[in-house]
Amino acid sequence: MRYVVTILIAIAVVMLAYLLCENFILLTVRRVKLGNRLRIAQISDIHKKRYQGDNMLIAYRIEHEKPDLIFVTGDLVSRTETDFTIDRGLLNELCRIAPVYMIFGNHEQSLPENEQEKLLKMLAETDVVLLRNSSASVEIGGRIFNICGIEPHYTTYKKGRSYRDLDRITADDIREMVGFPRGETLLLAHNPIFGREYAEWGADYTFSGHVHGGAVRLFGVGLLSPERTFFPRYTKGVYDIGEMKLCVSAGIGKLRAFNPPEIVVYDI
């Protein structure tokens, strides 16, 4: 019996050490090969996570991958943040590496008005392209990409204090936000739950985050969404929906288990 107890204690210590490492030290790079002519680095849901104080580790890892484009797919900050100095430093470093395109997530949307204005002012002082129901075109390697970013109403995330009866978006709603897709279309959409609607709209690739990989992952399955939904459909990885690829990052911030923080690098 003593040996069994000793083994159980040892396992518990190892698990605790791993979880501490996962939440405070680890930063992985997940590479996904879907083609070979364009490289995109995606980061999402940093929230209040800080590596070595200034988050430059994120930039160093991305620079090593030599991306053509960098996507920041929402929740760069948390709604309770008031100081964006570290975020500015990271974005400036990322802009030095490659063009950066960013969308707001639900946390940027729910910042107090004065803090959101402060964030917008900070972003305007960088070279980041902020897409708020807007689009931009870029030519790389002879291919023209239409990069769109949507920002649906906050009630798709939460209504008051409730996560029940949330609003949804349709392909028609997306057309009202950013028009019809043109050419090879890359959609930045924070919430992956509307994957089928993004495909119906006509995106070729959609880049999302929000779900934090399901917070806890067991046997490759995410357990919980921010909306308190168990076993959400899209949590981490690439999902084929019709002709579209839905590319979901597990993000970097928030507490997690068996679900390491990640930068995702796609070759498309």
Side-chain angles (χ1 to χ4, degrees), residues 30-45 69 71-75 101-106 131 133-137 143-153 155-157 163 166-215 217 219-227 229-251 259 262-268:
R30 177 163 59 90
R31 299 175 181 86
V32 180
K33 191 168 183 62
L34 302 171
N36 59 9
R37 296 179 61 188
L38 177 71
R39 175 163 289 186
I40 297 169
Q42 179 193 11
I43 57 174
S44 196
D45 300 273
L69 300 171
F71 292 165
V72 182
T73 51
D75 288 0
Y101 295 83
M102 175 180 166
I103 57 172
F104 275 6
N106 53 305
L131 299 174
N133 296 329
S134 57
S135 61
S137 292
R143 295 165 71 184
I144 298 176
F145 297 94
N146 184 36
I147 306 173
C148 300
I150 63 169
E151 188 177 316
H153 196 275
T155 52
T156 58
Y157 297 105
Y163 294 103
L166 298 177
D167 290 338
R168 297 189 61 84
I169 61 173
T170 66
D172 286 338
D173 293 329
I174 301 172
R175 292 185 192 105
E176 290 185 8
M177 294 177 198
V178 291
F180 287 86
R182 303 187 306 275
E184 200 162 0
T185 300
L186 311 178
L187 176 64
L188 278 58
H190 183 62
N191 194 345
I193 193 174
F194 304 114
R196 295 187 183 280
E197 287 76 9
Y198 305 149
E200 183 182 345
W201 172 69
D204 294 295
Y205 297 87
T206 296
F207 299 85
S208 300
H210 181 58
V211 189
H212 312 132
R217 294 185 70 82
F219 306 106
V221 176
L223 298 190
L224 186 67
S225 80
E227 289 75 31
T229 300
F230 287 101
F231 305 108
R233 178 177 300 206
Y234 308 121
T235 57
K236 175 181 177 178
V238 178
Y239 302 86
D240 291 305
I241 305 176
E243 299 297 318
M244 184 193 77
K245 303 283 188 186
L246 176 62
C247 305
V248 184
S249 166
N259 175 28
E262 65 175 11
I263 296 164
V264 194
V265 178
Y266 303 93
D267 287 322
I268 67 173

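Here, residue 1 is the first one in the sequence, and each next residue gets the next number.
Using a 4.5 Å heavy-atom threshold, the side chains of Arg168 and Phe194 count as touching. Using a 4.5 Å cut-off on side-chain heavy atoms (C-beta onward), Pro152 and Met177 make contact. Counting heavy atoms from C-beta outward, Phe104 and Met102 have side chains that approach closer than 4.5 Å. For the pair Ile40 and Leu186, the minimum side-chain heavy-atom distance is below 4.5 Å. You'll find the side chain of Leu69 reaches within 4.5 Å of the side chain of Ile147, heavy atoms only. Side-chain contact check for Tyr239 versus Val248: some heavy-atom pair is nearer than 4.5 Å.
With hydrogens and angles disregarded, no donor-acceptor distance shorter than 3.5 Å links the side chain of Glu151 to the backbone of Leu131. Counting only distance, with no hydrogens or angles, the side chain of Asn259 and the backbone of His212 share a donor-acceptor pair below 3.5 Å. Under a 3.5 Å cut-off, the side chain of Ser44 and the backbone N or O of Gly251 do not form any donor-acceptor pair. At distances below 3.5 Å, not a single donor-acceptor pair connects side-chain atoms of Trp201 with backbone N or O atoms of Thr170.
Closest non-hydrogen pair, Thr73 versus Gly209, comes out as OG1-N, 4.3 Å. The minimum heavy-atom distance between Leu246 and Gly195, with the atom names listed, is CD2-CA, 4.2 Å. Contact detail for Gly202 and Thr185: the closest heavy-atom pair is O-CB, 4.5 Å. Taking both residues in full, the closest heavy atoms of Ile174 and Glu197 are given as CD1-O, 3.9 Å, listed atom of the first, atom of the second, then distance. When every heavy atom of Tyr205 is checked against every heavy atom of Cys247, the shortest pair comes out as CD2-SG, 4.5 Å. Ile241 and Ala199 get closest at one heavy-atom pair: O-CB, 3.5 Å.
Screening Thr235, Asn106, Asp75 for a side chain to side chain donor-acceptor pair (under 3.5 Å) with His210, the sole residue that qualifies is Asn106.
In this structure, Asp173 CG and Thr156 OG1 are separated by 10.0 Å, a value rounded to the nearest 0.5 Å. We find the OG-CG distance between Ser208 and Leu187 to be 7.0 Å, quoted to the nearest 0.5 Å. Atoms NZ and CG, on Lys245 and Asp204 in that order, are 11.5 Å from each other to the nearest 0.5 Å. Note: His153 NE2 to Ile169 CD1 = 13.0 Å, rounded to the nearest 0.5 Å. Rounding to the nearest 0.5 angstrom, the gap separating the CG atom in Leu166 from the OG1 atom in Thr155 is 8.0 Å. In this structure, CZ in Arg37 is found 5.0 Å from CZ in Arg143, a value given to the nearest 0.5 Å.
Partners of Tyr198 by ring-ring contact (aromatic ring centres under 6.0 Å, His included), not counting sequence neighbours: none found. Leu223 pairs by the side chain to side chain contact (heavy atoms under 4.5 Å, CB included) definition with Val216, Leu218, Phe231, not counting sequence neighbours.
For Phe207 and Tyr266, the gap between ring centers is short of 6.0 Å.
Atom CZ of Arg182 is surrounded by 12 or fewer heavy atoms from other residues, nucleotides or ligands within 6.0 Å.
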